[in-house]
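All residue numbers in this chain count up from 1 along the given sequence.
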Amino acid sequence: QVQLVQSGGGLVQAGGSLRLSCAASGRTFSSYSIAWIRQAPGKEREFVAAIRWSGGATVYADSLKGRFTISKDNAKNTVYLQMNSLEPEDTAVYYCAAGPRLRSYDSAYDYWGQGTQVTVSS
């Protein structure tokens with residue numbers, strides 16, 4: 001079992017930045033990969049980025065590469081999503097999720113955080 005607790009998010013103007021946090025716990029989370037996945041109103045879930053806890057390999061959605069950065073802090077057992085140059089189209093509920101393999105699709109992830117709202121105003 002992996003437990004994920006999210007923090008961060010909120011309201012920001014277009015062009016601004018936000019950082020989301022995902023604190024992981026559980027006996028085996030260090031063998032997992034952690035992803036960020038978002039869902040905008042009326043749309044399907046969309047993969048954003050993921051990082052392998054062991055070794056730190058990353059994968060990004062091509063459309064978001066360069067604006068979003070995923071990272072981790074081993075000492076805090078926390079994964080971050082730094083979001084820069086935010087656009088209104090980035091408005092969504094953002095979830096962190098854990099899965100056994102580093103994949104760029106949401107169905108690869110078994111354990112999910114509670115979600116956090118990000119709203120970007122124009």
Peer 1: Quick one: pull up CG in N77 and CD in Q3 and give me the separation to the nearest 0.5 Å.
Peer 2: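 These two atoms lie 11.5 Å from each other.
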Peer 1: For Y94, which residues count as a ring pair (Phe, Tyr, Trp, His ring centres under 6.0 Å) partner, sequence neighbours excluded?
Peer 2: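 Expected list: none.
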Peer 1: Decide yes or no for V118 and L18: does some side-chain heavy atom of the first lie under 4.5 Å from some side-chain heavy atom of the second?
Peer 2: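 Of all side-chain heavy-atom pairs linking L18 with V118, at least one is under 4.5 Å.
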Peer 1: Other than Y105, which residues form its hydrophobic cluster under the rule that side-chain heavy atoms must be closer than 4.5 Å?
Peer 2: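 Joined to Y105, directly or through intermediates: none.
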Peer 1: Nearest 0.5 Å, please: how far is CD1 in I70 from CG in L64?
Peer 2: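 L64 atom CG to I70 atom CD1 measures 11.5 Å (nearest 0.5 Å).
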Peer 1: Could you name each residue pair satisfying side-chain hydrogen bond (donor to acceptor under 3.5 Å, both in side chains) that touches residues 50-59, not counting sequence neighbours?
Peer 2: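 Found none.
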Peer 1: Not counting sequence neighbours, list each pair that qualifies as a disulfide bond (SG atoms under 2.5 Å apart) and has a residue in residues 54-108.
Peer 2: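 Sorted result for residues 54-108: C22-C96.
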Peer 1: Answer whether the closest heavy-atom distance between the side chains of Y60 and D62 falls below 4.5 Å.
Peer 2: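 Counting from C-beta outward, Y60 and D62 never come under 4.5 Å.
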Peer 1: Do T119 and V12 make a side-chain contact, defined as non-hydrogen atoms from C-beta onward lying under 4.5 Å apart?
Peer 2: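 The answer is no, as the side chains (C-beta and beyond) never meet within the 4.5 Å cut-off.
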Peer 1: Can you tell me which residue pairs pass the salt bridge (Lys or Arg N to Asp or Glu O under 4.0 Å) test with a partner in residues 96-117, sequence neighbours excluded?
Peer 2: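 Pairs touching residues 96-117 that pass the test: R45-D106.
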Peer 1: Which residues pass the side-chain contact (heavy atoms from CB on, under 4.5 Å) test with A97, sequence neighbours left out?
Peer 2: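 In terms of side-chain contact (heavy atoms from CB on, under 4.5 Å), with neighbours along the sequence ignored, A97 is linked to I37, Y109, W112.
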Peer 1: Examine distances only and state if a side-chain atom of Q82 and a backbone atom of T69 form a donor-acceptor pair shorter than 3.5 Å.
Peer 2: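 The answer is no, because no donor-acceptor pair under 3.5 Å joins these two groups.
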Peer 1: Between the side chains of S85 and E87, does any donor sit under 3.5 Å from an acceptor?
Peer 2: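 No - no donor-acceptor pair under 3.5 Å links their side chains.
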Peer 1: Side-chain contact test, heavy atoms from C-beta onward, threshold under 4.5 Å: evaluate it for D90 versus F68 and give yes or no.
Peer 2: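 Answer yes - side chains close enough.
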Peer 1: State the CG-OG1 distance between L4 and T78, to the nearest 0.5 angstrom.
Peer 2: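 The distance works out to 10.5 Å.
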Peer 1: Can a side-chain donor-acceptor contact be found between N84 and S17 if the only test is distance below 3.5 angstrom?
Peer 2: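 Indeed, the side chains of S17 and N84 share at least one donor-acceptor pair under 3.5 Å.
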Peer 1: Which distance, rounded to the nearest 0.5 Å, do you find between the CD of Q1 and the OH of Y111?
Peer 2: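 Interatomic distance, Q1 CD to Y111 OH, rounded to 0.5 Å: 4.5 Å.
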